[in-house]
There are 2 protein chains.
Amino acid sequence: MASQNTSQAGRAPSRRRGHERVAALLAAASDCFVEKGYDATTMTEIAARAGASIGSLYQFFPTKESVAEALITGHANGLNEHMERLLAQTPDWTTEELADHLLRAFADYRKRHPAFVALVEVAGSLPSMLGRTIRQRMRDYLSQILAIHAPGLPAGDLRPAAMVVQQLMKAAVALDGEQPATLRKAAQNQLQHALSLYLGQLAARR
Amino acid sequence: MASQNTSQAGRAPSRRRGHERVAALLAAASDCFVEKGYDATTMTEIAARAGASIGSLYQFFPTKESVAEALITGHANGLNEHMERLLAQTPDWTTEELADHLLRAFADYRKRHPAFVALVEVAGSLPSMLGRTIRQRMRDYLSQILAIHAPGLPAGDLRPAAMVVQQLMKAAVALDGEQPATLRKAAQNQLQHALSLYLGQLAARR
DNA sequence: CTAATATGTGAGGGTAGCCTCACATTGGAG
DNA sequence: CTCCAATGTGAGGCTACCCTCACATATTAG
């Protein structure tokens, strides 16, 4: 009797049409979040932008937070794959190459998923601790990468170093929005150089 | 006839009581912004926290943005003085000392004005370009400091380097919120070391 | 074809926030 | 003391938003 309720919100799509709608809604939401931020985007605008009605949106996402969560978990998976690839190739790279891949490749990932940064920011103040989880996992990956690249580093120094690298990656993302382009590229090169110096110094320790 | 209107909002305080009210309102607003962020704090709560009525708040601040602006300009002046002091002492410092003062002293400033970071963030998307102005001025100061500390650096390299230093200072602020304390301090030390390496390399160029 | 379920719709209920307004109180000047 | 501008007050207008609901349409199963 209570097992199924036809007009319950938050159902997962089962038919083909539903999956398309969900995809369109998420894409629209992503655009909105990028342009106006989480707080300023409205459910009405998300629906309109996806060519759907407000009721259709609430059919699949019972709450505004649930929309953000869906986007974040999707991005989190993509980021994990990305870090997995970096980790696998770390043994083959010099210090300069590692610095380049950590900064540039990550910035590229963000450029392909523009909503990612904005969402991880708000995810910290969301009830679900998704934001913390993502940052924590990223830190774990960086620790592993550092352990490979700087084998002489004591285990206790890995996490602080990973935190520093994480902040430098965040800085690279921030620099990505700078204008004009020549200044931006110069600054990004400098940042990469700074990371190289730091990584090199870590690897030289024993 | 149109020169003065008694019940006009946004008037500056002239009597002693008014100045006290404004101070209390700004302090309350600062606390709210720190605890809940700009979007989530309400005018009603600001007034209540200051022990004033909502009408009294609107007497001095015609809009929510105007409250944020007042706080930001105040902080901006304090930050300018801070940078002025750093600039004056730069010639006396070694690379390590400069890195230490840039990171730690700035983090201390933020600890004494907790609302600063949160407000500069939102100031970027505010109509008045206060956020950009502050960041720009900070960048100017850093350029001057670098010009003193690394006299051999070509003028064209100053601004990109200043941007990198600025990002590292931002990173130091972000690390300030980390737990536990031992991990935080270790990471901050590492960040300072990274900055030292970078500054040293800049100063060694010719 | 028919029944059943998934999907689609948009008016509107409920709420909360920003800000106004008409009026009360205070305190200093003359 | 008297007057007037400065300051103080809070109910409420207005708006915008989140979300619900009763019902319509589409699609699949049998």
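On a predicted model such as this, the values are computed, not experimentally measured, just so you know. Below, chain A is the first sequence line, B the second, and so on; all start at residue 1.
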Rounded interatomic separation in angstrom, taking NE2 from B:His19 and P from C:dT26 = 21 Å
Sidechain N-carboxylate O distance under 4.0 Å for B:Arg49, B:Glu35 | yes
Please report, rounded to the nearest Å, how far the P atom of D:dA16 is from the CD atom of A:Glu45.
-> 14 Å
Okay, side chain of A:Thr63, backbone of A:Ser66: is any donor-acceptor separation there less than 3.5 Å?
-> no
Side-chain N,O (A:Thr63) to OP1/OP2 (D:dC19) below 4.0 Å = yes
Residue closer to the 5' end of DNA chain C, B:Lys64 versus A:Gly18 (nearest nucleotide) | A:Gly18
Any B:Ser14 side-chain N or O less than 4.0 Å from OP1/OP2 of D:dT7 = yes
When rounded to whole Å, the CZ to C1' distance for the pair A:Phe61 and D:dC18 reads 16 Å
Before accepting this row, confirm whether a basic side-chain N of the pair B:Asp140/B:Arg135 lies closer than 4.0 Å to the acidic partner's carboxylate O.
-> no
Can you tell me how far P of C:dC18 sits from CG of B:Leu57, to the nearest Å?
-> 10 Å
Hey, does A:Ser56 reach any base, or is it just sugar-phosphate, or nothing, if we go heavy atoms under 4.0 Å?
-> base
Start at the 5' end of DNA chain D and walk down; is the nucleotide closest to A:Gly55 or to A:Thr41 reached first?
-> A:Thr41
Tell me: CD of A:Gln59 to C1' of D:dC21, nearest whole Å?
-> 12 Å
Pair B:Lys185 + B:Glu178: basic N to acidic O under 4.0 Å | no
Can you tell me how far P of C:dT7 sits from OH of A:Tyr58, to the nearest Å?
-> 19 Å
Mind calculating the distance between CZ (A:Arg11) and P (D:dC19) to the nearest angstrom?
-> 20 Å
Contact letters for nucleotides 25-30 of chain D, in which S counts primed atoms plus P, OP1 and OP2 and B counts the base, heavy atoms under 4.0 Å | -SBS--
So, B:Glu121 and B:Tyr38: side-chain donor and acceptor under 3.5 Å apart, yes or no?
-> no
Going through the distances and angles, do A:Thr44 and A:Leu57 end up as a side chain to side chain contact (heavy atoms under 4.5 Å, CB included)?
-> CA-CA 9 Å; A:Thr44 308; A:Leu57 171 54; over 6 Å; no
Spacing of B:Ile54 atom CD1 relative to C:dC18 atom C1', expressed in whole Å = 8 Å
For B:Gly51 and A:Asp39, take the nucleotide of DNA chain D holding the closest heavy atom to each; which residue's nucleotide lies nearer the 5' end?
-> B:Gly51
If you round to the nearest 0.5 Å, how far is CG of B:Asp100 from CD of B:Gln188?
-> 11.0 Å
